[in-house]
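Accompanying notes for the structure given below.
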Amino acid sequence: MRNIHIGLIFISLLVMLSAAACGAQSGSSEDGSEHMQSAPLTGSAEDFDRAQFEDPTHIDNRWLPLTPGTQFVYEGSAIGDEGRQSRRVVTTVTDLSKVIDGVRTLVISERDYTAGQLSEPE
């Protein structure tokens, strides 16, 4: 159950970062320095507009580009019922897509290893 929470937190973080990057506008001042200006986070489910997603499977955010084939590996340890155990989470950006609420989305595979054993594929 704890592994599910970690995965959900990671996916939620990815969604928030992607949403923040899509809502931010970049501009340059006269001295050439960049500044960020973000749109206010207001609205509701009724405000959701599928047309806002021009190419939703092409994610080229400079802080978290999600190019198919990219892998992120997070290693560490966690304390569970059996004491401290090594943990490893391998996240792979696939070339698969899925339609969710009318928007084509990119599929990300995540494999969670505890003590060297696959404990949760997502």
Side-chain angles (χ1 to χ4, degrees):
M1 186 64 136
R2 185 174 180 162
N3 294 339
I4 292 172
H5 289 111
I6 291 171
L8 289 175
I9 290 170
F10 179 76
I11 297 301
S12 298
L13 177 63
L14 286 176
V15 170
M16 288 187 297
L17 287 172
S18 296
C22 290
Q25 297 174 347
S26 177
S28 295
S29 61
E30 290 178 341
D31 64 357
S33 64
E34 280 194 24
H35 64 278
M36 297 298 289
Q37 185 179 42
S38 60
L41 297 175
T42 60
S44 64
E46 293 91 33
D47 296 331
F48 180 75
D49 182 10
R50 289 163 192 81
Q52 291 183 60
F53 299 92
E54 296 172 9
D55 190 5
T57 60
H58 179 76
I59 303 169
D60 60 357
N61 178 305
R62 66 178 161 174
W63 290 285
L64 189 64
L66 297 178
T67 306
T70 302
Q71 271 195 338
F72 301 99
V73 179
Y74 302 96
E75 294 181 328
S77 62
I79 298 174
D81 296 337
E82 298 176 23
R84 182 172 296 277
Q85 294 184 319
S86 64
R87 295 287 305 273
R88 184 172 187 238
V89 178
V90 179
T91 303
T92 305
V93 181
T94 72
D95 61 352
L96 303 173
S97 64
K98 180 178 182 178
V99 176
I100 298 176
D101 199 16
V103 177
R104 184 154 298 278
T105 59
L106 195 59
V107 175
I108 296 175
S109 168
E110 189 169 275
R111 295 185 173 272
D112 191 341
Y113 297 88
T114 302
Q117 299 292 317
L118 179 63
S119 57
E120 190 170 347
E122 302 174 311

* **Heavy-atom pair of closest approach, residues Phe72 and Pro65** =>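 Closest heavy-atom pair between Phe72 and Pro65: CZ-O, 4.2 Å.
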* **Heavy-atom pair with the smallest gap, counting every atom of Ser86 and Gly116** =>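 Taking Ser86 first and Gly116 second, the nearest heavy atoms are OG-N, 4.2 Å.
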* Pairs involving residues 75-84, ordered by first then second residue, that meet salt bridge (Lys or Arg N to Asp or Glu O under 4.0 Å) (sequence neighbours left out) ->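 Those involving residues 75-84 are Glu75-Arg88.
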* Asked: Strictly by modelled atom types, are Thr57 and Arg104 linked by a side-chain donor-acceptor pair under 3.5 Å?
  ->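 No, Arg104 and Thr57 have no side-chain donor paired with an acceptor closer than 3.5 Å.
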* Answer whether the closest heavy-atom distance between the side chains of Glu122 and Asp112 falls below 4.5 Å. =>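 Result no, sub-4.5 Å side-chain heavy-atom pair not found.
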Value rounded to 0.5 Å, distance of [atom1] in [X] from [atom2] in [Y]:
X	Y	atom1	atom2	result
Thr91	Arg111	OG1	CZ	11.5 Å
Ile59	Ile108	CD1	CD1	6.5 Å
Lys98	Thr105	NZ	OG1	7.5 Å

* Check whether Leu106 and Leu64 end up in the same hydrophobic cluster, where Ile, Leu, Val, Met, Phe, Trp and Tyr are linked by side-chain heavy atoms less than 4.5 Å apart. =>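 Same cluster.
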* To do: Please answer: with hydrophobic residues joined when any side-chain heavy atoms are less than 4.5 Å apart, are Tyr74 and Tyr113 in the same cluster?
  =>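 No, no single cluster joins them.
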* Hey, is the main chain of Val107 close enough, under 3.5 Å, to the side chain of Thr94 for a donor-acceptor pair? ->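 Yes, the answer is positive, given that a donor and an acceptor are paired below the 3.5 Å cut-off.
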